[in-house]
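Down below is the structure, laid out as structure tokens.
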Amino acid sequence: FQNDIYSETINDHEKAIKAVNEGEILPLNEILTNITKNFNGRVISINLKDNEKGLFGWVYDIRMIDKKNKIINLRVDAGTSTILFTESGD
């Protein structure tokens, strides 16, 4: 069971690297640079999802926390850095 999780993680990581190298998605540092222009806070989690998970393309789900400890959830198009969805709460 442990090996299955490990191999799946490696597989997802390799798919992400391949997508960046083939120009399908932007590197994470570019995505983060773009979102921090509009949102101030510290990134606390990042999840990259591909179209095999029921989406139309690659997206980053990013969770941030601002200076007032307010959580900000973002869904960002990984290919264009366009913010598709935002949600904030306490």
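All residue numbers refer to positions in the sequence shown, counting from 1.
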Residues passing the side-chain hydrogen bond (donor to acceptor under 3.5 Å, both in side chains) test with Ser81, sequence neighbours excluded, are Asn34

Heavy-atom side-chain proximity of Ile83 to Ile35 below 4.5 angstrom
yes

Nearest-0.5 Å distance that lies between atom NZ in Lys18 and atom CG in Asn21
10.0 Å

With sequence neighbours left out, what residues match Asn40 under side-chain contact (heavy atoms from CB on, under 4.5 Å)?
none

Trace of the side chain to side chain contact (heavy atoms under 4.5 Å, CB included) decision for Ile62 with Ile31:
CA-CA 10 Å; Ile62 300 172; Ile31 299 289; 4.0 Å; yes

What residues, two or more places apart in sequence or in another chain, satisfy side-chain hydrogen bond (donor to acceptor under 3.5 Å, both in side chains) together with Thr82?
Thr80

Qualifying residues under side-chain hydrogen bond (donor to acceptor under 3.5 Å, both in side chains), relative to Asp61, sequence neighbours excluded
Lys49, Arg75

Considering all heavy atoms of both residues, which atom of Tyr60 and which atom of Pro27 are nearest to each other, and what is their separation?
OH-C, 4.3 Å

Answer yes or no: is there a side-chain heavy-atom contact under 4.5 Å between Phe85 and Val76?
no

Side-chain heavy-atom pair Ile46, Leu28 within 4.5 angstrom cut-off:
yes

Sort and list the pairs that fulfil salt bridge (charged side-chain N to carboxylate O under 4.0 Å, His left out) and have at least one residue in residues 26-43, not counting sequence neighbours.
none

State which residues pass side-chain contact (heavy atoms from CB on, under 4.5 Å) with Ala19; sequence neighbours excluded, sorted by chain then number.
Glu24, Ile25, Trp58

Check the pair Ile65, Lys70 against side chain to side chain contact (heavy atoms under 4.5 Å, CB included), reporting the backbone distance first and the verdict last.
CA-CA 5 Å; Ile65 188 166; Lys70 188 165 117 179; over 6 Å; no

Where do Leu26 and Val20 land on the side chain to side chain contact (heavy atoms under 4.5 Å, CB included) test, with the steps shown first?
CA-CA 6 Å; Leu26 296 172; Val20 169; over 6 Å; no

Is the closest side-chain heavy-atom distance between Arg63 and Val43 below 4.5 Å?
no

Taking C-beta and beyond as the side chain, do Ile44 and Met64 meet within less than 4.5 Å on heavy atoms?
no

Got a sec, which residues hit side-chain hydrogen bond (donor to acceptor under 3.5 Å, both in side chains) with Glu87, two or more places apart in sequence or on another chain?
Asn73

